[in-house]
Protein chains: 2
Amino acid sequence: MAESDARTPRERYRAQVRDEIKQHAWEQIATAGASALSLNAIAKRMGVSGPALYRYYANRDELITELVRDAYRSLADTFRERGGAGADLAGLAHALRGWALDDPQRYLLVYGTPVPGYHAPEDTTRIAGEIMAVLLDACAACAAAAPSVAATALDDHLGDHRDWAGDHPAPSSVLRHALTVWTRLHGVLSLELAGHFAGMGFDPARLYAAEVDALTGR
Amino acid sequence: MAESDARTPRERYRAQVRDEIKQHAWEQIATAGASALSLNAIAKRMGVSGPALYRYYANRDELITELVRDAYRSLADTFRERGGAGADLAGLAHALRGWALDDPQRYLLVYGTPVPGYHAPEDTTRIAGEIMAVLLDACAACAAAAPSVAATALDDHLGDHRDWAGDHPAPSSVLRHALTVWTRLHGVLSLELAGHFAGMGFDPARLYAAEVDALTGR
DNA sequence: GCGCGGAGTTATAACTTCTAACGAACACAA
DNA sequence: TTGTGTTCGTTAGAAGTTATAACTCCGCGC
């Protein structure tokens, strides 16, 4: 959320106000969810009239898209921060959970229920690719430590459709593993954040940790 | 969606109109998602004025709650239908995917992003218990076929917090397995339905099948 | 110093949910 | 068959929402 480097004072002011709007938007989303995000309420909180915000965001969707972009960016940053040097899969997994619990609605904004017609801008898919790249690195390092098992039918299929991995040189078994890591961690995390474990009594952290252990072959 | 068994003509008519409202609501949700559900639009389609619907549902939330209840009921029915006699875990898993793909927004209404303040009525948690019971049966049968492994720390923890399993007599390792089945299948399914696999090229069905294979120890 | 562009204003349209008050229709009983 | 009372659907309206149009006014850059 730092786009404050602009030459002209006008642009600087503009970036500043855009940031302030996003700030209020995040607060609102955190308490009432993205569907309840109201430009009018943000304007009221900022002490300006409703239509004033339309100078900064063409419409509600554009603001939400920007928030999604920032959320992706934030996750990519924490991933690269954590996985950049020592690409440790378990550490990455727990960094993901920390990031998610830090602001559940931010996680759900990215990985939760989308509006059927919505198409993510090219931009975000690129950042998603960055995230996947870090995950692939960690999985490749993990695979190097553990002996590989026999290739499955899914491995072969993924070998034929490996465009989503960019130009990552990992073998298809690593692609499969990365995908499995993603889906399994998301499975526990999304159910936890959605409150489906709420009345069940057990500690979701332990369930998550067990999945991480299973994924790292411990 | 059959509550049409009522004594008086008034009650019969009332139940019929409630059903018709829900019918239109599902159509709307399927195309635009639950957040875009509009009572006014439903009324217009039914050829009545907006406020007329408030005779049948006190407000928008009550209608959505009813839809969630029906969705739960529908899933519980397909589960019991499939798992009632031959409780086969793989069959159950594919029945789940079929049910989800049959109406993605219905799945997401139940397992997708909730509104932060929303509390599911007691009713739905009871139906969720039914669903879990079928899953536990299938996992117990699966465990009887395969030899059990050593108890994990998570097993012990779940043994201490087994209230959510009702009075199901399964050992804690089966509880853990059922929970794992739930989270892993949901992980693949929810990412698929949310469109996160969209531009990636591979076939989500194969990824799902691979998870099912891993869960059934094949 | 002056002019133009951008910022914020009010007014307004077209929506939404939801309440209130009214009239009409219908089931039921006498 | 004729009340009678509940219920249904209507219109009117309040309080929101997103978004546009037109207007004023300040300040940056020339």
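Protein chains get the first letters and strands the later ones, always in sequence-line order, with residue 1 at the start of each. Here the structure is a predicted model, which is why all the values come from computation and not from measurement.
Taking 4.0 angstrom as the limit, B:Ser38 places a side-chain polar atom (N or O) nearer than this to OP1 or OP2 of C:dT17. A close approach under 4.0 Å does occur between a side-chain nitrogen or oxygen of A:Arg14 and OP1 or OP2 of C:dA7. Within the 4.0 Å cut-off from OP1 or OP2 of C:dC15, not a single side-chain nitrogen or oxygen of B:Asn40 is found. Taking 4.0 angstrom as the limit, A:Ser49 places a side-chain polar atom (N or O) nearer than this to OP1 or OP2 of C:dT10. In this structure, A:Tyr54 does not reach the D:dT17 phosphate: none of its side-chain N or O atoms is under 4.0 Å from OP1 or OP2. Regarding contacts with the backbone of D:dG9, a side-chain N or O of B:Tyr13 is found under 4.0 angstrom from either OP1 or OP2.
No hydrogens or angles considered: a donor-acceptor pair under 3.5 Å links the side chains of A:His168 and A:Asp137.
Both A:Pro51 and B:Gly50 lie near DNA chain C, and the one whose nearest nucleotide falls closer to the 5' end is A:Pro51. Each of B:Leu53 and A:Asn59 lies near DNA chain D, and the nucleotide nearest B:Leu53 is the one positioned closer to the 5' end.
The base of C:dA27 has none of its N or O atoms less than 3.5 Å from a complementary donor or acceptor on the side chain of B:Arg10. For B:Arg55 against D:dG9, a side-chain-to-base donor-acceptor contact under 3.5 Å is present.
Salt bridge present: A:Arg73 and A:Glu130 bring a charged side-chain N and a carboxylate O closer than 4.0 Å.
Contacts of B:Leu37 with the nucleic acid, taken as non-hydrogen atoms under 4.0 Å apart, involve only primed sugar atoms and P, OP1 or OP2.
Closest heavy-atom contact between A:Tyr54 and A:Gly50: CD1-O, 3.9 Å.
B:Phe202 has its ring centre no less than 6.0 Å from the ring centre of A:His157.
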